[in-house]
Amino acid sequence: MVTAADEAAERAIEAALGRMFPGVPVVGEEAAAADPSLLGRVGAADAVFVCDPVDGTANFAAGLPLFGAMLALIRKGEPVAAWIHDPVLKDTAIALRGEGAWVQGADGARHDLRVAEPAPVGRMVAAVSHRYLPPDRAGIVRGNLGALGATWELRCAAHEWRLAASGKLHGLLYWRLFPWDHAPGVLLHAEAGGYARRLDGQPYHAGVHTGGLLAAPDRAGWEALKAALFAA
């Protein structure tokens, strides 16, 4: 689903970034939908912004206030700066590599972000997106959701990553890895103290767009969560 707001917001964001950072390309979700070759350039670029102007478009179109704008600066496949803006509450979650993660309001007030304390799987609360998993693995995951304390899916990675980075969720699971959906959240989560890896155990890289991504408060929690979700 694409709305006029998606397209207008992407044009406005791209124009503003062009004025502030001339020469740094911007790859937006809508532009990449029109020209898929743009996606292939993200992982190797020396510097590139990726942008999801309205993440959670289905919620936005339905009148649900669960949507956001996502932006990341990526260098050689690694996110180094991230912003996830909530246009409803008018605050922005921000992360800079090596400098932490925080939320800043329109009035300038800010508070630091920290992931949840580690917990056993039976007490974990997680956002699990299993719609795009291969059918066999999706069936396994759906059958194992009861092993967790609670699970849901907000249909909005922007808010799911913000909740995980602020300690309101223990875990996240995704299969499709478009960089505008996850590069901002991965950095935000990491700078808030969390641990996220692809399902093969490798670190996130913006040039890899499928194969799954799992996030937890720490490595031990990541391994326990993966074992619980994918136990045959």
Side-chain angles (χ1 to χ4, degrees), residues 1-43 45-75 77 79-96 101-110 127 129 131-132 153-166 172 174 176-189 206-207 209:
M1 181 181 295
V2 180
T3 70
D6 292 82
E7 295 172 339
E10 184 165 303
R11 288 194 299 269
I13 292 168
E14 184 174 2
L17 290 172
R19 292 191 296 270
M20 291 186 286
F21 303 97
V24 180
V26 181
V27 176
E29 180 181 26
E30 310 313 330
D35 180 2
S37 69
L38 294 174
L39 179 61
R41 305 173 192 172
V42 170
D46 290 332
V48 59
F49 284 105
V50 293
C51 168
D52 188 343
V54 183
D55 183 72
T57 300
N59 293 342
F60 171 77
L64 297 175
L66 284 170
F67 56 91
M70 306 181 75
L71 179 70
L73 176 63
I74 296 174
R75 293 185 182 277
V80 297
W83 301 261
I84 303 180
H85 179 64
D86 183 343
V88 178
L89 296 180
K90 296 182 171 57
D91 62 15
T92 308
I94 303 169
L96 300 176
W102 63 94
V103 171
Q104 186 162 320
D107 60 357
R110 55 182 282 179
S129 177
R131 289 175 295 155
Y132 301 111
E153 183 185 1
L154 300 181
R155 300 192 304 174
C156 179
H159 278 286
E160 290 166 352
W161 280 111
R162 284 184 55 145
L163 286 169
S166 62
L172 300 171
Y174 302 102
R176 296 196 311 183
L177 304 181
F178 294 125
W180 43 79
D181 287 330
H182 300 300
V186 165
L187 182 63
L188 192 76
H189 188 258
H209 307 134

Under 3.5 Å donor-acceptor pairs involving side-chain atoms of residues 11-34, not counting sequence neighbours:
none

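- Taking both residues in full, the closest heavy atoms of M1 and A58 are given as SD-CA, 4.0 Å, listed atom of the first, atom of the second, then distance.
- Here the closest heavy-atom approach between residue G68 and residue A158 is recorded as CA-CB, 4.2 Å.
- Under the side-chain hydrogen bond (donor to acceptor under 3.5 Å, both in side chains) criterion, the residue pairs touching residues 154-164 are N59-R155, D91-R162, E160-Y174, W161-H182, with sequence neighbours excluded.
- A distance of 7.5 Å separates NZ in K90 from NE2 in H85, rounded to the nearest 0.5 Å.
- Between A81 and L96, the shortest heavy-atom distance links the atoms CB-CD2, 3.6 Å.
- A distance-only check finds a donor-acceptor pair linking the side chain of D55 to the backbone of A157 [under 3.5 Å].
- Here the shortest heavy-atom pairing between T57 and V54 reads OG1-O, 2.9 Å.
- Listed here is the closest heavy atom pair of V48 and V42: CG1-O, 3.9 Å.
- Taking CG of L73 as the reference point, atom SG of C51 lies at 12.5 Å (rounded to 0.5 Å).
- At least one donor-acceptor pair closer than 3.5 Å links the side chain of T3 to the backbone N or O of A5.
- For I74 against P179, the heavy-atom pair with the smallest separation is CD1-CB, 4.3 Å.
- Using a 30° and 60° split on the angle between ring planes, F67 and F60 fall in the perpendicular class, above 60°.
- The shortest distance between side-chain heavy atoms of L163 and L154 falls below 4.5 Å.
- With a 4.5 Å cut-off on side-chain heavy atoms, L39 and H209 count as touching.
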